[in-house]
Amino acid sequence: MGKRLRVPEARGGASYLKGAAPQREPGRAQRAAARMAEKILVTGGAGYIGSHCVLELVEAGYIPVVIDNFHNAIRGGDALPESLQRVQEIVGKKILFQELDILDEAALRDLFQKHHFSAVMHFAGLKAVGESVQKPLDYYKVNLTGTIRLLETMKAHGVRDVVFSSSATVYGDPAYLPLDENHPVGGCTNPYGKSKYFIEEMIRDLCKAEKDWNAILLRYFNPIGAHESGRIGEDPQGIPNNLMPYVAQVAVGRREYLSVFGDDYKTADGTGVRDYIHVVDLAKGHIAALKKLKENCGCKIYNLGTGCGYSVLQMIKAMEKASGREIKYKITARREGDIAACYADPALAKQELGWKAAFGLDKMCEDLWRWQVQNPTGFSNN
């Protein structure tokens, strides 16, 4: 029996060839395969955006390792969240998952000792604007303390690359439109938005102090839609906080009508205007961000949006078109803290990440409707 030869270790783990002759310098295809076999930690990966990103990671050749504490996820079979069980079915590959809370320091430490991660995608956190006003300490504890523990664990184990799930809420009330990355931040009107802003500042300070860190902060606008299979999508627990899941539930008969908060804004039809982006486009933006980290880019910030604003009434009409059903609504008083319009300038992401949203409003609504029809009560009771 020949000697066991160790070949260069890919970042996903060590490889060994038994009784093999010395290998020539690997070609481009082999180098690409080794590079793409990287393990990526995905925190909060059972949620709406996280699960779609896990799917895109697998499709792009990465090995996602997912942690989630089931705060906003439904349990499925094989100790997996139902969302990830379905991702497995779609991609035909096993998804590595561990039930874990990012506040659990010891569990995080054990996880990083078990796996060699090349980067972290950080989604885990509480995310309901209204609830954050009622429970500010919960939001600061989970979002801020959880992120600090994650960053400390990364540092202790030599992992220095992170993609953070931020939000356009950090911009507050727009001073101008469209919003670019140079727009002032920090004028947030609720603890959820403030927690995103504080985390951004923490990561920026860390990258400034320690030059070997690379971070990309992705400011999302309004993700909607679902994977075209209809197998995974947004499954809000209780009454939806966001417009389009509520609209879809009215269309499918789960809710009687939609309340439209205000029709006297300075917009084309008087209702609030927002930038909606297909969740699959958003997920692909994360893959582009991972590639950017390889350039040792330091700390970078990008908007992920389409650059197009649609009003509430336009969204209702688009969903009526996709579903073929009338969507009943009532005009009610404005909601405190709501702004007239908010939409992105996504030019920087196109310029530096090579990323641009590919799907329009019709596709967003068609995919959302397919998910809603196939899963009228979400992931549960199907």
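Worth saying up front: this structure is predicted, and the values here are computed from it rather than measured.
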message = Any carboxylate oxygen within less than 4.0 angstrom of a Lys/Arg side-chain nitrogen, looking at Glu256 and Lys330?
response = no
key: Under 3.5 Å: donor-acceptor pair, side chain of Glu320, backbone of Ile327   = yes
message = Could you check whether any side-chain N or O of Asn214 sits under 3.5 Å from a backbone N or O of Cys297, counting only pairs where one atom can act as donor and the other as acceptor?
response = yes
Ring centroid separation [X] to [Y] under 6.0 Å:
X: Phe123; Y: His286; value: yes
X: Phe70; Y: Phe97; value: yes
X: Phe117; Y: Phe112; value: yes

[X] to [Y] - nearest heavy-atom pair and separation:
X: Phe261; Y: Asp338; value: CB-OD2, 4.4 Å
X: Val42; Y: Pro64; value: CG2-CB, 4.2 Å
X: Met364; Y: Tyr276; value: CE-O, 3.2 Å

Hey, could you give me the [atom1]/[atom2] distance between [X] and [Y], rounded to the nearest 0.5 Å?
X: Thr306; Y: Tyr343; atom1: OG1; atom2: OH; value: 11.0 Å
X: Glu326; Y: Tyr257; atom1: CD; atom2: OH; value: 15.0 Å
X: Gln88; Y: Ser83; atom1: CD; atom2: OG; value: 10.5 Å
X: Ile216; Y: Ser165; atom1: CD1; atom2: OG; value: 13.5 Å
X: Leu144; Y: Glu201; atom1: CG; atom2: CD; value: 12.0 Å
X: Phe164; Y: Arg219; atom1: CZ; atom2: CZ; value: 10.5 Å

task = Scan side-chain atoms only and decide if Arg86 and Asn375 contain a donor-acceptor pair under the 3.5 Å cut-off.
result = yes
inquiry  = Can you tell me which residue among Leu41, Leu218, Leu57 is in a side-chain contact (heavy atoms from CB on, under 4.5 Å) with Met121?
reply    = Leu57
Would you indicate whether the side-chain heavy atoms of [Y] and [X] approach each other to under 4.5 Å?
X: Met315; Y: Arg274; value: no
X: Lys292; Y: Glu295; value: yes
X: Leu108; Y: Ile67; value: yes

ask   = If you look only at pairs with a residue in residues 42-61, which of them pass as a ring pair (Phe, Tyr, Trp, His ring centres under 6.0 Å), with sequence neighbours excluded?
value = Tyr48-His52
Trace of the side-chain contact (heavy atoms from CB on, under 4.5 Å) decision for Tyr197 with Thr169 = CA-CA 8 Å; Tyr197 169 65; Thr169 58; over 6 Å; no
ask   = Which pairs pass salt bridge (charged side-chain N to carboxylate O under 4.0 Å, His left out) with one or both residues in residues 124-138, sequence neighbours excluded?
value = Glu131-Lys135
query = So with a 6.0 Å cut-off around CZ of Arg204, is the heavy-atom count from everything else above 12?
reply = no
